[in-house]
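Read the numbers this way: they start at 1 and go in the same order the structure lists the ligands and their atoms. Worth saying up front: this structure is predicted, and the values here are computed from it rather than measured.
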Amino acid sequence: MEVIIHRDYQSMSKAAALLVAEVLNTKPNAVLGMATGSTPLGLYQELVRLHKEQQLDFSRVTTFNLDEYVGLPARHPQSYHYFMHEHFFQHVNIPPQNINIPSGTTSNYPAFCQWYENRIAEFGGIDLQILGIGSDGHIAFNEPTSSLSSRTRLKTLSKQTIDDNARFFDRREDVPVYAITMGVGTILDAKKLVLVASGKGKARAIAQTIEGPVTSMVTASALQLHRDATIITDEEAATGLKMRDYYEFIYAAKPAAPKS
Ligand code: GLP
């Protein structure tokens with residue numbers, strides 16, 4: 001696992017966007033896993049800027065989103081469909097038929113989840129999965145005690161997540177109780193993982209993810225099992241890290257490291 005600490009949200013977002021751009025430059029038809037939440041907004045803005053100013057091309061890209069609230073139609077302003085269209089898809093040239101987001105309004109959730117898993121496999125798997133992290137250490141909507149082998153499925157949100165996400169809704173009662181989410185196992189199958197975390201509200205979860213035991217109580221800790229996971233934080237999200245000096249030493253020494 002690589003840990004990179006940036007001074008602020010903006011440079012964290014730019015660094016994450018560069019990793020995405022590198023993948024697209026080597027594989028123009030890459031499959032990208034997309035995340036929602038306020039944290040990846042800066043990363044999406046930077047990708048849009050690279051598209052508009054440096055012709056970063058998404059015309060052959062396919063995307064799979066991590067999750068969606070159950071019960072919210074795609075046009076609902078708090079749905080992840082709406083979020084992605086608003087903040088990213090409408091600003092770049094990904095063909096609409098290449099965009100995949102779990103449905104929050106399907107009539108048969110188990111069948112839909114299996115279809116979503118099969119579709120990811122049909123496209124050869126996810127090349128790069130973008131991730132945020134919940135304050136309880138979840139990735140996507142894999143709440144504490146989610147199996148680290150879990151696949152796409154319906155999940156009941158934790159009270160903590162409902163509280164955290166209530167800020168986006170008029171009333172706490174409006175926050176959906178269920179979500180459809182890629183599983184931890186689905187996420188670990190991606191070839192590369194990039195997790196972004198910002199702000200002191202994430203410091204504890206980030207410390208547990210990087211330096212704690214691998215545990216289903218902090219599903220992001222499963223990234224320790226992945227062979228190509230990068231965690232990019234800002235200063236505040238890094239404040240709980242005990243080995244911070246070492247991560248900075250590794251990063252500084254990286255350019256001079258033997259390549260072969
Ligand atoms: C939701 C999403 C996660 C996201 C988390 C944190 O729970 N399902 O994918 O990482 O929110 O969101 P934020 O970045 O707004 O703190």
Side-chain angles (χ1 to χ4, degrees), residues 6 8-10 12-13 16-17 32-46 63-72 76-84 86-88 100-104 113 116 126 128-146 150 152-169 172 174-184 186-188 190 193-206 208-210 218-223 229-234 236-238 240:
H6 279 270
D8 56 24
Y9 176 75
Q10 210 193 356
M12 174 200 82
S13 302
L32 296 181
M34 313 305 284
T36 48
S38 42
T39 314
L41 279 175
L43 154 58
Y44 293 144
Q45 274 162 16
E46 180 61 11
T63 63
F64 285 90
N65 260 79
L66 285 170
D67 47 10
E68 178 58 287
Y69 288 115
V70 164
L72 299 193
H76 191 288
Q78 297 312 330
S79 76
Y80 287 167
H81 279 76
Y82 190 94
F83 175 101
M84 289 307 299
E86 206 56 17
H87 297 292
F88 188 56
N100 299 280
I101 306 178
S103 168
C113 293
Y116 202 69
I126 293 170
L128 181 148
Q129 176 66 59
I130 299 165
L131 295 165
I133 187 168
S135 63
D136 62 2
H138 72 227
I139 43 175
F141 271 129
N142 292 290
E143 298 288 28
T145 72
S146 289
S150 51
T152 304
R153 68 215 184 287
L154 190 87
K155 191 74 200 161
T156 307
L157 303 190
S158 70
K159 287 214 160 61
Q160 174 74 58
T161 297
I162 293 173
D163 286 345
D164 287 349
N165 293 353
R167 68 189 193 277
F168 299 114
F169 292 81
R172 190 184 184 281
D174 295 338
V175 184
V177 170
Y178 307 103
I180 184 166
T181 180
M182 277 189 207
V184 182
T186 319
I187 292 168
L188 290 180
L193 304 178
V194 177
L195 186 149
V196 281
S198 160
K200 44 182 183 305
K202 300 292 171 66
R204 186 163 170 265
I206 281 296
Q208 290 175 322
T209 296
I210 297 170
V218 180
T219 53
S221 67
L223 267 66
T230 303
I231 297 188
I232 311 181
T233 76
D234 65 4
E236 288 188 344

Visitor: May I ask you to check whether Phe141 and Tyr178 place their ring centers less than 6.0 Å from one another?
Guide: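 No; Tyr178 has its ring centre 6.0 Å or more from that of Phe141.
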Visitor: Counting each atom of ligand 1 from 1 as listed, which ones have a heavy atom of Arg167 under 4.0 Å away?
Guide: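 Going through ligand 1 atom by atom, the ones under 4.0 Å from Arg167 are 15 (O).
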Visitor: Starting from atom 12 (O) of ligand 1, locate the nearest protein heavy atom and write down its residue, its atom name and how far away it is, to 0.1 Å.
Guide: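 Answer, as residue, atom name and distance: Gly37 CA, 3.8 Å.
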Visitor: In the protein, which heavy atom is nearest to atom 4 (C) of ligand 1, and how far is it?
Guide: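 Heavy-atom neighbour on the protein nearest atom 4 (C) of ligand 1: Thr36 O, 3.9 Å.
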Visitor: Looking at every heavy atom in both Ala35 and Leu131, which two are closest together, and how far apart are they?
Guide: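 Heavy-atom minimum between the residues: CB-CA, 4.1 Å.
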Visitor: Could you tell me the residue and atom name of the protein heavy atom closest to atom 5 (C) of ligand 1, and the distance to it rounded to 0.1 Å?
Guide: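 Checked against all protein heavy atoms, atom 5 (C) of ligand 1 sits closest to His138 NE2, 3.9 Å.
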Visitor: Show your working on side-chain hydrogen bond (donor to acceptor under 3.5 Å, both in side chains) between Gln45 and Ser13 and close with a plain yes or no.
Guide: CA-CA 9 Å; Gln45 274 162 16; Ser13 302; over 6 Å; no
Visitor: Has ligand 1 got any nitrogen or oxygen that is less than 3.5 angstrom from a nitrogen or oxygen of Ile133?
Guide: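 For ligand 1, there is an N or O atom that lies under 3.5 Å from one belonging to Ile133.
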Visitor: I need the Leu66 CG to Ile139 CD1 distance, nearest 0.5 Å.
Guide: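 Nearest 0.5 Å value for the CG-CD1 distance: 8.0 Å.
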Visitor: Closest non-hydrogen protein atom to atom 16 (O) of ligand 1, residue and atom name please, with distance?
Guide: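 Looking at atom 16 (O) of ligand 1, the protein heavy atom closest to it is Lys202 NZ, 2.6 Å.
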Visitor: What closest approach, in Å, do Leu157 and Ala179 show between heavy atoms, and which atom pair accounts for it?
Guide: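 Smallest interatomic distance, heavy atoms only, reads CD2-CB, 3.9 Å.
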Visitor: Which of the atoms of ligand 1 are close to Thr39, meaning less than 4.0 Å from one of its heavy atoms?
Guide: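 Selected atoms, number and element: 13 (P), 14 (O), 16 (O).
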Visitor: As an exercise, identify every atom of ligand 1 less than 4.0 angstrom from a heavy atom of Asp67.
Guide: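 Close to Asp67: 2 (C), 8 (N), 9 (O).
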Visitor: Using a 4.0 Å heavy-atom threshold (strictly under), name the region of Ala35 that reaches ligand 1: side chain, backbone, both or neither.
Guide: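 Answer for Ala35: neither.
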Visitor: At what distance, to the nearest 0.5 angstrom, does CD1 of Ile126 lie from CG of Leu188?
Guide: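 These two atoms lie 11.5 Å from each other.
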Visitor: Fit a plane to each ring of Phe83 and His87, take the angle between them on a 0 to 90° scale, and name the class: parallel (under 30°), tilted (30 to 60°) or perpendicular (over 60°).
Guide: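 Ring orientation, 0 to 90° scale: tilted.
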Visitor: Compute the ring centroids of Phe168 and Tyr69, then answer whether they are less than 6.0 Å apart.
Guide: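 Centroid distance Phe168-Tyr69: not below 6.0 Å, so no.
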Visitor: For ligand 1, indicate whether the residue Tyr80 contacts it via side chain, backbone, both or neither (heavy-atom separation under 4.0 Å).
Guide: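 The answer is the side chain of Tyr80.
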Visitor: Compute the minimum heavy-atom distance from Leu131 to ligand 1 and say whether it is under 4.0 Å.
Guide: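 No, Leu131 has no heavy atoms under 4.0 Å from ligand 1.
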Visitor: For ligand 1, note which part of Ala140 has a heavy atom under 4.0 Å away: side chain, backbone, both or neither.
Guide: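 It is the backbone that touches ligand 1; the side chain stays farther off.
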